[in-house]
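Structure record follows, encoded as C-alpha cells.
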Amino acid sequence: MPTAVYCDLSRCIGCRACELACQRENKTSRISLEVVEGLAPVPVSCRQCETPLCTAPCPGGALRYENGRLEYDAEKCTGCGLCILACPFGAAVLKGGVIERCDFCPEKEIPVCVATCPTAALFCAEAESFGKNIRHRNVEKMKKILDPSIAAGREGRR
Amino acid sequence: MNERIRLIIADEKKCIGCRACTSVCPEGIIHFSEEGGMRNIQFPGSCTLNCELCALNCPENAIMFLLREESNIEENIEGKLGGKLEGEKKAGENRVLLPDRIISLKLMPCRKCGATFATLKEIEKVRKAISEKVPLPSGGDFWMELCPGCRRGTFREKEAKTLLMTRKF
C-alpha cells in the first residue's frame with residue numbers, strides 16, 4: 001500500500017500551520033485546509049493513490065506510477081492541466097506550468113506539514129498501518145467501556 | 001524583413017483548449033481569455049521565434065508551423081486543415097501574415113458551485129482516458145462534473161462524517 005500524509009481528524013484543530021509550512025517549503029501550499037461546518041477541519045493533500053487516475057490523461061508521461069509511488073517529472077510536464085481534471089480529490093494545483101502536488105518534501109526527512117503540526121494530527125504512514133492504528137484505538141476505547149475491572153479502576157481513581 | 005517568419009496554424013477541431021501552449025510560450029504571444037461561458041485562445045498569425053515549444057507541448061498535436069517562403073501557403077493550409085480558411089483567404093494575394101486566429105471552446109460549469117472550470121473537450125478527453133485505464137460503472141466518475149475546489153469539499157465532508165462514526169464509541 002502506498003504511503004501518504006494522513007490526518008487524525010479528532011486531533012486537528014484547524015490552525016493551518018500545515019498550509020503555511022508547505023507554502024514556505026514549496027512556494028505553493030500543496031495541502032489545503034477548510035472547516036466543514038459543524039463537523040471538523042479537514043486538510044486535503046495528494047492521496048498518493050495506488051491506481052492514480054491523474055496519470056491516465058498525461059500526454060508526456062510526466063506523471064507516472066513507478067516503484068509503488070507516484071513520480072512527477074517537471075521537465076516532461078507540458079502544463080496542460082489534464083491531471084488536475086482527472087484527480088477525484090482536487091488535490092493537485094497548476095501553477096506556472098508546473099503541477100503542485102505533495103511529494104513528501106524530498107529534501108526533508110519528514111514532510112514539513114507533519115513536522116509542524118502542533119497537535120500531531122498529521123502523520124505520514126502506509127494506509128494499512130493507519131487503518132490498524134484507528135482500529136486499535138477504538139478497540140482500546142471499547143475495552144475501557146466494556147471491561148468492568150478497568151472501569152472500576154477508573155472509579156477508584158476518582 | 002525576417003525570413004524566419006512562420007505561420008502558426010492551430011487546428012480548431014483538434015484543440016481542446018488546455019492552455020498548455022499559452023503557458024509554455026516564451027514570449028507569451030498566445031493569449032487566452034474566458035468570458036460568457038467560452039474559453040478563447042488567441043493565436044497570432046505568425047511567429048518570429050525559433051522555437052516550437054507550443055507545438056511540442058500540445059497534447060493533441062493541434063499546432064503546426066509553415067515557413068512563410070513555402071510556396072502556395074494557402075493551398076498548404078487548406079490541405080492540412082481540410083479547407084477551413086475562407087475568411088482569411090479574402091485578404092488577398094499580397095497578404096504576408098495571417099490575422100490572429102481565435103479558437104473558442106465551450107466551458108463546463110461545476111455542478112455544485114456553477115463556476116466554469118474546464119472546456120467540454122478537456123472533460124471528454126479525461127473521461128475517455130480514465131475509462132480506458134479503470135473501467136468505472138456509469139456515473140462512477142461523478143467528480144468530473146465538479147470543479148477541483150468542490151471535489152476537495154466533497155472529500156472533506158465525507159472525511160468529516162467518518163469522524164462522527166468513530167465518536168459513537
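By convention in this document, chain letters (A, B, ...) are assigned in the order of the sequence lines, proteins followed by strands, and residues within each chain are numbered from 1.
Taking all atoms of both residues into account, the shortest heavy-atom contact from A:Gly90 to B:Arg152 is O-NH1, 2.5 Å. Heavy-atom minimum distance, B:Phe155 versus A:Arg47: CZ-CD, 3.6 Å. Between A:Gly79 and B:Ser23, the closest heavy-atom pair is O-OG, 4.1 Å.
Rounding to the nearest 0.5 Å gives a distance of 12.0 Å between CG of A:Leu39 and CD of B:Glu159. Here the CG-OG distance, from A:Leu53 to B:Ser131, works out to 10.5 Å after rounding to the nearest 0.5 Å.
The local environment of NZ in B:Lys112 is crowded, with over 12 non-hydrogen atoms from other residues, nucleotides or ligands closer than 6.0 Å. A:Glu37 CD: 12 or fewer foreign heavy atoms inside a 6.0 Å radius. Crowding of A:Glu66 atom CD: a count of heavy atoms from other residues, nucleotides or ligands under 6.0 Å exceeding 12.
Under a hydrophobic-cluster definition in which Ile, Leu, Val, Met, Phe, Trp and Tyr are linked whenever side-chain heavy atoms come within less than 4.5 Å, directly or via other members, B:Phe142 and B:Met108 are assigned to the same cluster. Note: the hydrophobic cluster containing A:Tyr65 does not contain B:Val134 (ILVMFWY, side chain heavy atoms under 4.5 Å, direct or indirect links). Using a 4.5 Å cut-off between side-chain heavy atoms of Ile, Leu, Val, Met, Phe, Trp and Tyr, with links allowed through other members, A:Leu82 and B:Leu136 fall into the same hydrophobic cluster. B:Trp143 and B:Leu120 fall within a single hydrophobic cluster, where Ile, Leu, Val, Met, Phe, Trp and Tyr are joined by side-chain heavy atoms under 4.5 Å apart, directly or via other members. Follow the hydrophobic side-chain contacts under 4.5 Å out from A:Ile13 and you never reach A:Leu33; the two are in separate clusters.
Considering only heavy-atom pairs separated by less than 4.5 Å from chain B, the leading option among A:Cys87, A:Gly81, A:Pro43 is A:Cys87. Ranking A:Pro57, A:Cys83, A:Cys77, A:Gly60 against chain B, the residue ahead of the rest is A:Pro57, based on heavy-atom pairs under 4.5 Å. Between chain B and the options A:Ala92, A:Gly38, A:Pro59, A:Ser32, heavy-atom pairs under 4.5 Å are most frequent for A:Ser32. Of the listed residues B:Ile123, B:Asn57, B:Val24, the one with more heavy-atom pairs under 4.5 angstrom with chain A than any other is B:Asn57. Between chain A and the residues B:Asp141, B:Ile130, B:Thr154, the most heavy-atom pairs under 4.5 angstrom are made by B:Ile130. Chain A forms the most heavy-atom pairs under 4.5 Å with one residue out of B:Cys150, B:Gly149, B:Pro59, and that residue is B:Pro59.
For A:Val36, the part lying under 4.5 angstrom from a heavy atom of chain B is the side chain only. For a residue to count as touching a neighbouring chain, one of its non-hydrogen atoms must lie under 4.5 Å from one of that chain's; by this rule B:Leu53 does not touch chain A.
Inter-residue side-chain proximity for A:Leu85 and B:Lys125 is flagged as unmet; no heavy-atom pair is nearer than 4.5 Å. The side-chain heavy atoms of A:Cys80 and B:Glu60, taken from C-beta on, include no pair separated by under 4.5 Å. Contact check for B:Arg156 versus A:Glu34: side-chain heavy atoms found under the 4.5 Å cut-off.
The closest side-chain donor-acceptor pair between A:Thr55 and B:Lys133 falls under 3.5 angstrom.
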